[in-house]
Number of protein chains: 2
Amino acid sequence: MPETLNISDAEWEVMRVVWASGESTSQEITRVLNGKRGWSQSTVKTLIGRLTSKNYLHARKESRHFIYTTHLDEPESLKLELEGLLGRICSRKIPNLLAYLVEKTPMIAQDRAMLEEVLQNKQVVAEVPCDCYPGQCTCHLHASGTILSDQSHEEITHEN
Amino acid sequence: MPETLNISDAEWEVMRVVWASGESTSQEITRVLNGKRGWSQSTVKTLIGRLTSKNYLHARKESRHFIYTTHLDEPESLKLELEGLLGRICSRKIPNLLAYLVEKTPMIAQDRAMLEEVLQNKQVVAEVPCDCYPGQCTCHLHASGTILSDQSHEEITHEN
DNA sequence: CCATTACGTTTACAGTTGTAAACTTTAGAA
DNA sequence: TTCTAAAGTTTACAACTGTAAACGTAATGG
């Protein structure tokens with residue numbers, strides 16, 4: 001499993017069909033995506049082509065057509081994408097974001113129980129290091145005196 | 001706050017500087033991003049230009065230069081992006097993903113406590129509806145039938 | 001007042017993405 | 001065996017991204 005993926009939104013639609021069925025023909029992928037997004041065969045073909053050339057899909061020939069499979073794992077792939085996004089903010093703010101996600105995600109009792117257990121086993125640290133580049137996070141404003149040379153900015157309101 | 005954002009990775013770097021300082025000059029943004037990513041003034045100018053034309057940044061003239069500000073909120077913006085990504089998988093699988101994120105996110109005791117509280121107040125539902133288009137999720141294969149393995153994900157076969 | 005400077009605006013250009021038509025190959029039908 | 005339709009491959013093309021040079025303009029130091 002690669003370190004970094006780059007599967008576009010449209011490509012992801014194709015992947016989902018393959019993930020859902022284990023293996024699919026282009027015909028089936030087209031049927032689903034034509035229904036869901038109104039895409040033409042051509043469009044789906046292009047996407048399949050791009051995915052196979054990136055080696056995210058594999059084509060096995062069977063008589064007249066190809067059967068597509070993938071070795072990528074769906075949740076795993078999404079984790080990679082999520083991590084990319086989470087890298088956009090200060091690691092200190094991530095727990096808040098998770099709280100938000102937990103709040104807004106519909107779940108059943110078992111899900112909640114599972115999360116509770118994860119939380120109970122969760123090891124905490126004394127301090128989460130800020131991983132931001134100086135000037136991209138307020139955590140750094142109190143680190144030194146070499147602050148920015150321009151003028152009045154801040155408002156160091158939040159911190160979380 | 002808009003429903004949907006589209007801030008590219010490079011643009012996000014600029015936004016972070018503005019978010020961190022409340023308001024910045026292009027000089028300061030350039031200084032930070034030249035340090036962090038080696039970007040030239042030109043590059044930063046382009047990004048600032050794109051962001052202002054999308055109205056994500058506002059330019060207020062002050063003597064010779066502009067001062068940039070934003071009305072976007074950083075965590076809020078990230079939430080929007082995250083929600084986009086989470087839409088890529090079946091809503092029934094999201095709790096598992098959250099568990100993974102909770103596990104891997106470094107946090108302090110307070111963070112954990114906060115999450116615990118959120119979880120304790122979390123309302124659960126009897127069943128989380130699958131929001132996938134048929135053919136893109138295995139949930140649909142047993143729509144009416146017996147529970148068996150209810151809403152966890154399991155391996156499947158494929159139809160055709 | 002003029003050249004220099006600092007900043008903003010236009011233009012550039014290749015790579016990616018969304019969307020699809022046109023073309024080619026080939027397995028099966030006649 | 002030749003024709004045809006399905007499946008795959010090439011080409012297309014505009015919008016968006018990453019990255020930046022070139023250009024225009026206004027303030028500033030002489």
Side-chain angles (χ1 to χ4, degrees), chain A residues 4-18 23-69 81 84-85 87-88 148-151, chain B residues 2 4-18 23-69 81 84-85 87-88 160:
Chain A
T4 292
L5 252 37
N6 66 318
I7 302 181
S8 75
D9 279 323
E11 288 166 355
W12 191 276
E13 293 283 18
V14 171
M15 293 303 292
R16 286 187 75 165
V17 179
V18 178
E23 49 180 54
S24 319
T25 59
S26 76
Q27 184 185 124
E28 179 176 343
I29 299 172
T30 299
R31 186 180 53 69
V32 173
L33 297 184
N34 179 271
K36 181 177 183 185
R37 312 268 299 231
W39 288 342
S40 73
Q41 272 186 320
S42 306
T43 297
V44 175
K45 287 321 185 47
T46 302
L47 295 171
I48 291 175
R50 289 178 185 166
L51 286 165
T52 49
S53 73
K54 289 193 224 174
N55 277 305
Y56 294 160
L57 283 185
H58 295 292
R60 159 166 54 87
K61 187 145 206 161
E62 196 136 304
S63 67
R64 59 209 136 291
H65 45 25
F66 283 95
I67 295 192
Y68 299 97
T69 53
E81 306 273 1
L85 265 195
R88 285 183 170 194
L148 336 109
S149 47
D150 260 308
Q151 45 211 70
Chain B
T4 291
L5 254 35
N6 66 318
I7 302 180
S8 76
D9 280 323
E11 289 166 355
W12 192 275
E13 293 283 18
V14 171
M15 292 303 292
R16 286 187 76 164
V17 179
V18 179
E23 48 180 54
S24 318
T25 59
S26 76
Q27 185 186 125
E28 178 175 344
I29 299 172
T30 300
R31 186 181 55 67
V32 173
L33 297 183
N34 179 271
K36 181 177 184 185
R37 313 270 296 230
W39 289 343
S40 73
Q41 273 185 321
S42 307
T43 298
V44 174
K45 287 322 186 47
T46 302
L47 295 172
I48 290 176
R50 288 178 186 168
L51 286 165
T52 50
S53 73
K54 287 194 226 174
N55 278 303
Y56 294 160
L57 282 186
H58 294 294
R60 160 166 55 86
K61 187 144 204 161
E62 196 138 304
S63 69
R64 61 204 132 293
H65 45 25
F66 283 95
I67 295 193
Y68 299 97
T69 54
E81 306 274 0
L85 265 195
R88 285 184 169 193
N160 232 6

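Chain letters run A, B, ... following the sequence lines, proteins first and then strands; every chain starts at 1. Just so you know, these numbers use all the heavy atoms, side chains as well, and skip hydrogens, waters and symmetry mates.
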Would you kindly give the CZ-to-C1' distance between B:Arg31 and C:dA6, to the nearest whole Å? 17 Å
Closer than 4.0 Å, any side-chain N/O of A:Ser8 to the OP1 or OP2 of C:dG18? yes
Scan side-chain atoms only and decide if A:Thr46 and A:Thr43 contain a donor-acceptor pair under the 3.5 Å cut-off. no
I need the A:Tyr68 OH to A:Leu57 CG distance, nearest 0.5 Å. 8.0 Å
Applying a 4.0 Å non-hydrogen cut-off, can you work out what B:Ser26 is touching in the nucleic acid: base, sugar-phosphate, or nothing? sugar-phosphate
Nearest whole angstrom, please: distance from the C1' of C:dG18 to the CD1 of A:Ile7. 16 Å
For A:Leu47 and A:Glu11, which heavy atoms make the closest approach, and how far apart are they? CD2-CG, 4.0 Å
Do any N or O atoms from the side chain of B:Asn34 and from the backbone of B:Trp39 form a donor-acceptor pair under 3.5 angstrom? yes
Starting at atom CZ of B:Arg60, determine the distance to atom P of C:dC7, rounded to an integer number of angstrom. 16 Å
Side chain of B:Leu47 (C-beta onward), nearest among D:dA7, D:dT19, C:dT17: D:dT19
Distance criterion of 3.5 Å, no angle test: do you see the side chain of A:Arg37 paired donor-to-acceptor with the base of C:dG18? no
Rounded to whole angstrom units, what separation is found between the CH2 atom of B:Trp12 and the C1' atom of D:dG18? 18 Å
Closest to the A:Glu11 side chain, choosing from C:dG8, D:dT17, C:dT17: C:dT17
Check: D:dT10 base within 3.5 Å donor-acceptor of A:Arg50 side chain: no
Between A:Ala10 and B:Gln41, the residue closer to the 5' end of DNA chain C by nearest nucleotide is B:Gln41
Does OP1 or OP2 of C:dT17 have a side-chain N or O of A:Asn6 closer than 4.0 Å? yes
Is it the case that C:dA20 (base atoms only) and A:Ser40 (side chain only) share a donor and an acceptor within less than 3.5 Å, ignoring hydrogens and angles? no
Interatomic distance, A:His65 NE2 vs D:dA6 P [rounded to whole Å]: 12 Å
Could you walk me through whether B:Val17 and B:Arg31 pass the side-chain contact (heavy atoms from CB on, under 4.5 Å) check? CA-CA 10 Å; B:Val17 179; B:Arg31 186 181 55 67; over 6 Å; no
To the nearest 0.5 angstrom, please state how far the OG1 atom of A:Thr30 sits from the NZ atom of A:Lys45. 6.5 Å
Value in whole Å for how far the C1' atom of D:dT19 lies from CG of B:Leu33: 13 Å
Check the distance between C:dT10's C1' and B:Lys45's NZ and give it to me in whole angstrom. 13 Å
Quick one: does B:Ser42 reach the base of D:dA21 with a side-chain donor-acceptor pair under 3.5 Å? yes
Test for a donor-acceptor pair under 3.5 Å between the base of C:dA20 and the side chain of A:Thr46, counting only N and O atoms. yes
Side-chain N,O (A:Tyr68) to OP1/OP2 (D:dA7) below 4.0 Å: no
Look at B:Gln27 and C:dA6 and indicate whether a side-chain polar atom (N or O) is within less than 4.0 Å of OP1 or OP2. no
Tell me the interatomic distance from A:Leu57, atom CG, to D:dT9, atom C1', rounded to whole angstroms. 16 Å
What does A:Lys61 touch in the nucleic acid at a heavy-atom separation under 4.0 angstrom: a base, only the sugar-phosphate, or nothing? nothing
Base, sugar-phosphate alone, or nothing: which one does A:Thr43 contact when heavy atoms must sit under 4.0 Å apart? base
